[in-house]
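These notes are about the structure you will find just below.
Any value given below was found using the heavy atoms of this structure, including those in side chains, with hydrogens, waters and symmetry copies removed.
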Amino acid sequence: MKFQVPKGTQDILPSETWKWQRAEKIINEVCDVYRYKEIRTPIFEQTELFQRLVGETTDVVQKEMYTFTDKGDRSMTLRPEGTASTVRSFVENKMFGYADQPVKLFYTGPMFRYERQQAGRYRQFVQFGAEAIGSADPAIDAEVIALALDVYKRVGLTKLKLVINSLGDSECRVAHRAALIDHFNPHIGEFCGDCQSRLEKNPLRILDCKVDSANPLLASAPSLADYLNEASATYFADVKGYLDDAGIAYEVDTNLVRGLDYYNHTAFEIMSTSEGFGAITTLCGGGRYNGLAEEIGGPSAPGIGFAMSIERLLLAMAAEGVSFEAEPALDVYIVTLGESARRPGFKLLGELRAAGIRADMDYMDRKLKAQMKSADRLDAKNVIIIGEDEVTEGVVQLKNMMDSTQEKVPFTELIAKLIATLNV
Ligand code: HAM
């Protein structure tokens with residue numbers, strides 16, 4: 001029987017993991033600068049949490065969740081996104097009582113959606129997300145957007161487009177919803193089954209339908225922009241004002257609706273405009289979710305956040321031809337010749353590592369030439385050669401691979417010398 005990685009998932013091999021580590025390091029640094037603190041929540045939650053918070057009528061809840069019954073007969077779901085868990089934790093841990101509001105959190109971890117596999121779309125993917133909960137200040141909307149953009153900037157991406165929209169508050173949504181139903185109802189027979197059931201439950205989602213995207217009734221549908229009440233329009237104008245002041249360029253797209261139900265007011269996406277970037281161009285999505293904490297019994301705690309997958313961030317980097325600085329080379333490779341040199345060589349290896357020097361040696365009983373080849377392949381900056389004579393004399397041959405010089409160095413002076421030349 002041949003086993004394979006499950007469809008829509010991938011093994012990330014050492015030739016790639018270092019890039020993930022770099023991306024995560026940058027994410028941690030940027031979050032630190034913005035004072036967002038990391039939260040780690042479980043990978044699975046009660047199914048009802050996602051049904052309630054992400055929304056019953058969304059594709060994510062209806063079609064894409066990995067749901068199972070545990071041995072205690074409870075319905076559990078592998079998290080498809082991080083906002084629901086973060087808000088659950090915010091309410092459960094009474095973070096609304098913290099002296100410093102809003103509470104600014106971020107997470108990086110695997111999410112699971114049973115989606116059709118294609119480039120940039122996986123069934124297990126890693127999302128970095130940030131959430132600021134407890135403030136309804138339009139400035140924090142701009143801050144969250146700036147944070148996402150800064151991460152992309154720090155990894156070297158430049159071909160980006162920020163698209164924003166306002167989804168208004170519940171008052172405008174009710175009016176817009178009624179207008180949408182009136183608009184689609186006479187022609188609903190022309191739409192897919194999903195849209196037909198969306199008509200009454202969530203007509204806004206029809207605008208986002210992948211099957212009916214070419215239907216002209218989508219383009220002529222009443223725009224939410226025309227239904228924004230004064231408070232919502234002012235809020236949106238303020239968010240744009242803060243973005244302008246911060247020098248952040250954006251496009252307003254009144255058709256931008258997000259695939260999850262919890263949004264109101266600000267919604268945004270960041271796309272890659274790089275030519276090489278495949279069909280899915282959205283790198284990051286987010287928005288405001290006032291009312292989500294109340295939905296699960298918490299107090300009123302307006303929030304805003306976003307999430308981006310590391311997979312798409314790395315794909316965008318590849319498409320733009322930008323890369324992280326290469327991994328640092330190995331500092332030292334130890335070559336031993338003959339039985340009597342092995343144990344002193346192994347002991348030295350331990351001492352080098354204890355001094356913070358990145359070192360390795362041969363474990364395949366290779367001949368001198370093959371060991372030197374290994375050192376080359378590993379891009380070692382130095383090679384230490386120990387033979388029987390060196391052991392007797394208490395010295396090693398230290399070869400600097402960068403300038404090909406070689407010198408005899410006493411064991412006792414070796415580590416200090418390496419530390420001085422390597423800057424460790
Ligand atoms: P979302 O738009 O569903 O929003 O996902 C956000 C990002 O996650 C996408 O832009 C994309 O980078 C990545 N993503 C989603 N699905 C996949 C997939 N199948 N494969 C690879 N990457 C994927 C949310 O998840 C919200 N929780 C964002 C948010 C946070 N809103 C407020 N706070």
Side-chain angles (χ1 to χ4, degrees), residues 1-28 30-31 38-45 50 54 58-68 76-86 106-130 148 151-152 154-157 159-160 210 259-260 269-286 306-327 377:
M1 169 128 191
K2 222 168 100 192
F3 290 106
Q4 283 178 333
V5 74
K7 202 168 167 185
T9 71
Q10 54 178 344
D11 293 323
I12 300 158
L13 304 180
S15 56
E16 292 293 312
T17 40
W18 69 275
K19 298 180 192 164
W20 288 71
Q21 290 166 355
R22 288 298 167 80
E24 286 168 27
K25 186 162 176 274
I26 288 173
I27 285 165
N28 293 346
V30 176
C31 285
E38 187 179 5
I39 181 167
R40 298 188 186 193
T41 60
I43 274 170
F44 60 90
E45 298 268 0
F50 301 115
V54 174
T58 59
D59 281 356
V60 169
V61 168
Q62 286 199 337
K63 303 180 188 162
E64 297 169 0
M65 295 209 300
Y66 281 88
T67 297
F68 60 97
M76 293 290 169
T77 293
L78 298 184
R79 59 182 186 192
E81 58 101 54
T83 309
S85 308
T86 306
F106 80 96
Y107 46 84
T108 306
M111 308 289 161
F112 305 85
R113 296 185 193 178
Y114 192 84
E115 293 203 78
R116 205 163 52 80
Q117 186 189 7
Q118 64 188 103
R121 182 167 279 155
Y122 302 89
R123 291 185 176 168
Q124 175 175 335
F125 53 98
V126 175
Q127 262 188 354
F128 152 55
V151 167
Y152 291 133
R154 280 280 309 273
V155 302
L157 292 178
K159 296 183 179 157
L160 299 170
K210 287 166 196 123
L260 314 169
E269 291 191 349
I270 300 170
M271 333 271 191
S272 168
T273 54
S274 176
E275 271 178 23
F277 196 71
I280 298 174
T281 56
T282 304
L283 298 181
C284 172
F306 67 80
M308 61 173 73
S309 66
I310 311 284
E311 285 83 355
R312 290 193 197 168
L313 178 145
L314 294 174
L315 284 170
M317 287 177 69
E320 273 199 40
V322 296
S323 46
F324 293 114
E325 222 173 88
E327 269 193 296
R377 240 192 336 262

**Study point:** Minimum heavy-atom distance Gln124-Pro110, with the two atoms named
**Key:** NE2-CB, 3.6 Å
Review point. Okay, side chain of Tyr152, backbone of Leu283: is any donor-acceptor separation there less than 3.5 Å?
Key: yes
Review point. Thr86 side chain to Gly82 main-chain N or O, any donor-acceptor pair under 3.5 Å?
Key: yes
Exercise for review: Could you tell me whether Glu38 and Arg40 have a side-chain N and a carboxylate O separated by less than 4.0 Å?
Suggested key: yes
Point to revise | Donor-acceptor under 3.5 Å (Gln21 side chain, Glu24 main chain) | key: no
Practice item. I would like to know whether Ile27 and Phe106 meet side-chain contact (heavy atoms from CB on, under 4.5 Å); could you show each step before the answer? Key: CA-CA 9 Å; Ile27 285 165; Phe106 80 96; 4.2 Å; yes
**Study point:** Any side-chain heavy-atom pair of Asn28 and Cys31 under 4.5 Å
**Key:** no
Check your understanding: Under the side chain to side chain donor-acceptor pair (under 3.5 Å) criterion, do Ser274 and Glu320 qualify, and how do the steps go?
Key -> CA-CA 6 Å; Ser274 176; Glu320 273 199 40; 5.4 Å; no
Exercise for review: Determine whether Asp59 and Glu64 make a side-chain contact, defined as any pair of heavy atoms from C-beta on separated by less than 4.5 Å.
Suggested key: yes
Point to revise | Short side-chain to backbone donor-acceptor contact, Arg79 and Met111, under 3.5 Å | key: no
Study note, to complete from the structure: Closest non-hydrogen contact found for Lys19 with Phe324 is O-CE1, 3.4 Å
Study note, to complete from the structure: Separation between OG1 (Thr108) and CH2 (Trp20), nearest 0.5 Å, reads 10.5 Å
Check your understanding: What closest approach, in Å, do Pro80 and Val60 show between heavy atoms, and which atom pair accounts for it?
Key -> CB-CG1, 3.6 Å
Practice item. Please tell me if the side chains of Glu81 and Val54 come closer than 4.5 Å, counting only heavy atoms from C-beta onward. Key: yes
Considering only distance and modelled atom types, tabulate donor-acceptor pairs under 3.5 Å from the side chains of residues 306-318, sequence neighbours left out.
{"unit_1": "Ser309", "atom_1": "OG", "unit_2": "Arg312", "atom_2": "N", "d": "3.3"}
{"unit_1": "Glu311", "atom_1": "OE1", "unit_2": "Val126", "atom_2": "N", "d": "3.0"}
{"unit_1": "Glu311", "atom_1": "OE2", "unit_2": "Val126", "atom_2": "N", "d": "3.0"}
{"unit_1": "Arg312", "atom_1": "NE", "unit_2": "Gly120", "atom_2": "O", "d": "2.7"}
{"unit_1": "Arg312", "atom_1": "NH1", "unit_2": "Thr282", "atom_2": "O", "d": "2.9"}
{"unit_1": "Arg312", "atom_1": "NH2", "unit_2": "Gly120", "atom_2": "O", "d": "3.1"}

Check your understanding: Hey, does the side chain of Thr273 reach the backbone of Lys159 with a donor-acceptor pair shorter than 3.5 angstrom?
Key -> yes
Practice item. Of all the heavy-atom pairs spanning Gly8 and Tyr122, show the shortest one and how long it is. Key: O-CB, 3.2 Å
Check your understanding: Taking atom types as modelled and ignoring hydrogens, do the side chains of Thr67 and Thr77 form a donor-acceptor contact shorter than 3.5 angstrom?
Key -> yes
Practice item. Apply side-chain contact (heavy atoms from CB on, under 4.5 Å) to the pair Gln10 and Val5, showing each step before the final yes or no. Key: CA-CA 6 Å; Gln10 54 178 344; Val5 74; 5.5 Å; no
Point to revise | Among Gln117, Arg123, Gln118, side-chain contact (heavy atoms from CB on, under 4.5 Å) partner for Arg121 | key: Gln118
Exercise for review: Any chance you could lay out the side-chain contact (heavy atoms from CB on, under 4.5 Å) test for Val322 and Leu157, step after step, and finish with the verdict?
Suggested key: CA-CA 7 Å; Val322 296; Leu157 292 178; 4.1 Å; yes
Practice item. Would you indicate whether the side-chain heavy atoms of Ile43 and Phe112 approach each other to under 4.5 Å? Key: yes
Exercise for review: Kindly write out the residues that satisfy side chain to side chain donor-acceptor pair (under 3.5 Å) with Arg154, not counting sequence neighbours, or none if the list is empty.
Suggested key: Glu29
Point to revise | Within-4.5 Å side-chain heavy-atom neighbours: Tyr107 and Thr83 | key: yes
Revision key, fill the gap. Residues passing the ring pair (Phe, Tyr, Trp, His ring centres under 6.0 Å) test with Tyr66, sequence neighbours excluded, are Tyr114
Revision key, fill the gap. All heavy atoms of Trp18 vs all of Ala326, minimum pair found to be CH2-CA, 4.1 Å
